[in-house]
Amino acid sequence: KPYSSSDRRSGNAAKQPEHVTEALRQKARELAKHRKQLPIFSARETIIKEVKDNACVIIVGETGSGKTTQIPQYFMEAGLSAHGTIAVTQPRRVAAINLAKRVAQEVGTTIGNQVGYSIRFDDTSSKGTKIKYMTDGIMLRELLSDRLLLNYSVIVLDEAHERTLRTDILFGMVKSIQKQRAEMIEQGKKGIEPLKIVVMSATLDAEKFSAYFYNAKIMYISGRMYPVKVLNTIEPQSDYVDAALVTAFQIHQEETAGDILIFLTGQEEIENLEKLIEEYSVDLPTRFGKLIPCPIFAAQDSATQQKIFEPTPAGCRKVILATNIAETSITIPNIRYVVDTGCHKSRGYNAKIGIESLLIEPISKSSARQRMGRAGREAPGLCFRLYTEDSFEQLEEDTVPEIKRCNLASAILALKASGVEDVTKFDYMDRPSKSGLLKSMEQLYALGALDDKGDLTEMGKKMAGFPVDPPYAKVLLQSEVMECTKEAIEIIALLSVDTIFTFPSNKREEANEARQKFLSLDGDHLSLLNVLRGYESVKGDRDWCRENFINGRHMRHVLEVRKQLIEFSERAGINPRTSCGHDYEIVLKCFLAGFFQNAALLQPDSTYKAVVGGLTVNIHPSSAMFGKKRAAIMYNELVFTTKHYIRGVSAIEASWLAQAAPKYFGQRQA
Ligand code: ADP
Ligand code: MG
């Protein structure tokens with residue numbers, strides 16, 4: 001019954017439940033003063049009026065001006081939550097939790113009452129929830145069960161400047177829902193209320209959002225900004241963690257009071273640097289106060305996370321170690337010094353296998369400016385860029401929207417799973433190319449995710465639930481049938497890094513020789529597995545890695561990805577421990593189920609010709625199959641350099657093809 005007005009929240013005025021203690025009320029009264037001092041406070045009445053008068057509003061404001069914490073409260077105070085919850089979407093889980101907790105304090109309640117959050121596997125919202133912070137992924141999921149978002153009165157799309165694939169899809173979805181609801185109201189349908197859309201961004205280029213949402217008015221909230229002096233390194237730094245360590249101690253010993261914020265790319269780096277700071281602090285002359293490392297990342301208990309917001313003890317200095325979550329999502333007080341490593345993990349997407357959040361990349365100029373800005377919120381500050389001025393000039397101006405750079409097959413799956421039937425007509429803010437869309441749809445059809453009418457199949461629904469590109473998702477699903485999930489997960493994890501071998505230019509011969517003992521006659525997939533077996537048998541020993549020319553850093557990364565894939569399989573009800581033992585043919589067949597479109601056959605002239613498209617492809621010199629002649633091969637990726645090179649290559653039998661994709665090859669042969 002998608003059109004019923006089953007508003008489970010209506011008429012449920014939040015009573016003051018017994019958990020609201022005097023202590024909570026007292027805390028809220030204290031915070032009320034702080035709330036009134038935020039830059040956004042002077043715009044309170046205007047914002048409320050604009051949102052009441054208009055269907056869409058765009059709000060731009062410097063990070064820390066109070067957008068995310070205050071605006072939803074203003075709406076609640078103005079009665080906008082009378083007919084539904086106010087939803088605030090966030091690209092990151094940690095931000096959703098943190099912001100909800102802060103707002104609960106300001107409101108004078110505990111999480112799960114008027115204020116709650118919802119992230120995957122953790123939903124604290126309840127009937128009385130008026131303000132709900134949620135990840136964009138959860139909002140998309142919500143659409144699967146509440147197509148018109150009737151539980152909501154206002155959707156705040158926060159951090160819009162990040163342009164994640166999910167936020168981009170949400171833009172189109174909420175726009176269409178708003179229109180549908182307006183039409184139903186016009187037709188006199190009972191119990192339907194209009195949906196308000198608020199888009200919030202920390203960067204100034206909001207015209208695009210405005211143009212997309214019917215030229216909605218852009219409100220600019222001026223923040224307070226003090227000058228920040230930027231210092232670049234003279235030479236490029238080979239190890240930015242090390243450089244950050246040195247810089248932190250230098251600041252501590254030479255600069256006036258104020259905390260340090262270091263931008264790193266992930267938990268592993270953060271924990272490394274935390275240890276290093278602790279080690280080196282021991283030798284710090286006593287006339288300097290303590291240097292206290294405060295890490296912040298997702299997998300962390302909330303008490304530790306709270307530490308970053310607590311006042312710094314007198315004479316000491318905090319060093320906040322954060323990812324780009326501290327760029328615009330959460331504001332940390334008292335920062336005077338920013339150390340910018342110039343890198344981030346390309347959140348949500350590794351183009352190699354389409355897995356989420358794994359690729360370390362240079363940031364954009366606009367990110368670098370945001371990072372710099374964090375030093376000047378309360379007083380003039382300093383920003384240490386651990387890269388040269390030249391490197392800065394070479395950065396991209398803005399981060400490219402994910403929808404422009406990621407495989408569309410996964411975007412299409414997500415759209416279809418949210419009920420969009422014709423993905424070519426979807427109202428994109430940045431439209432992917434039509435040929436790209438059609439090609440991706442063909443691919444999904446061949447994989448069995450779409451049927452011949454272009455509708456999502458059961459298989460497609462399952463694939464949509466995996467955070468990897470569709471061919472890899474297919475391999476994982478197929479591995480359940482073929483009983484080789486353990487091996488499939490391991491190989492996918494191994495393929496997620498560029499290479500696990502090292503080739504120092506002065507030791508090429510030795511490196512090559514060392515590599516030989518891992519190589520399988522059947523190609524790269526099984527060779528990779530051999531390396532992992534070796535690596536695990538010595539428990540990742542560093543000396544072993546060095547002797548065997550294995551990149552230890554990449555291997556640790558592989559184990560991380562494997563862990564993620566194991567978790568996702570378990571959630572999907574697939575046993576990640578099912579192993580095919582030494583029957584490796586099964587593993588190759590399983591991969592072929594996802595990669596049959598990447599098969600090539602040996603020609604009489606000893607070249608390989610792709611089965612689909614007929615391109616002549618060359619086995620990359622780094623492949624275990626280089627120089628080998630087998631009747632049929634499959635590969636994971638095609639790279640264009642001077643030639644069409646293929647990587648991740650293994651031998652197959654041509655007869656497996658029809659088995660792997662009967663629909664596809666059956667048709668072609670007929
Ligand atoms: P914006 O969304 O505009 O970047 P926020 O609403 O997130 O701003 O933050 C407004 C202010 O609230 C910040 O400047 C900071 O002082 C304060 N604040 C936010 N979260 C917390 C927290 N968890 N603990 C302490 N102060 C916080
Ligand atoms: Mg914000």
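Only a predicted model underlies this, so the values are computations on that prediction, with no experimental measurement involved. Every number for a ligand or one of its atoms is a count from 1 in the order of the listing.
- For the Mg ion (ligand 2), the count of nearby protein N, O or S atoms, meaning those under 2.8 Å away, is 1.
- If you number the atoms of ligand 1 from 1 as listed, the ones under 4.0 Å from a heavy atom of R377 come out as 14 (O).
- Residue H34 has at least one heavy-atom neighbour below 4.0 Å for each of these atoms of ligand 1: 12 (O), 16 (O), 17 (C).
- Every atom of ligand 1 is numbered from 1 in the order shown, and the set under 4.0 Å from a heavy atom of T63 is 4 (O).
- Put simply, the side chain of F392 does not reach to within 4.5 Å of the side chain of D340, judged on heavy atoms.
- Using a 4.0 Å cut-off between heavy atoms, K67 contacts ligand 1 through both its backbone and its side chain.
- For the pair R44 and F41, the cation-pi criterion (under 6.0 Å, within 45° of the ring axis) is not fulfilled.
- The backbone of E62, and not its side chain, has at least one atom closer than 4.0 Å to an atom of ligand 1 (non-hydrogen atoms only; backbone = N, CA, C, O).
- Distances shorter than 4.0 angstrom do not occur between any heavy atom of G61 and any atom of ligand 1.
- More than 12 heavy atoms of other residues, nucleotides or ligands shown are found within 6.0 angstrom of CD on E567.
- Remark: among candidates I40, L99, T69, T328, the nearest residue to atom 6 (O) of ligand 1 is T69, based on non-hydrogen atoms.
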| query | Checking ring-ring contact (aromatic ring centres under 6.0 Å, His included) for the pair Y387/Y240: CA distance, chi angles, key distance, verdict? | reply | CA-CA 9 Å; Y387 44 96; Y240 57 68; 10.0 Å; no
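- For ligand 1, the atoms closer than 4.0 angstrom to any heavy atom of L38 are 11 (C).
- Of the candidates Q370, R371, H161, R374, T328 forms a side chain to side chain donor-acceptor pair (under 3.5 Å) with just one, namely H161.
- Within the structure, ligand 1 lacks P333 among the residues with a heavy atom less than 4.0 angstrom away.
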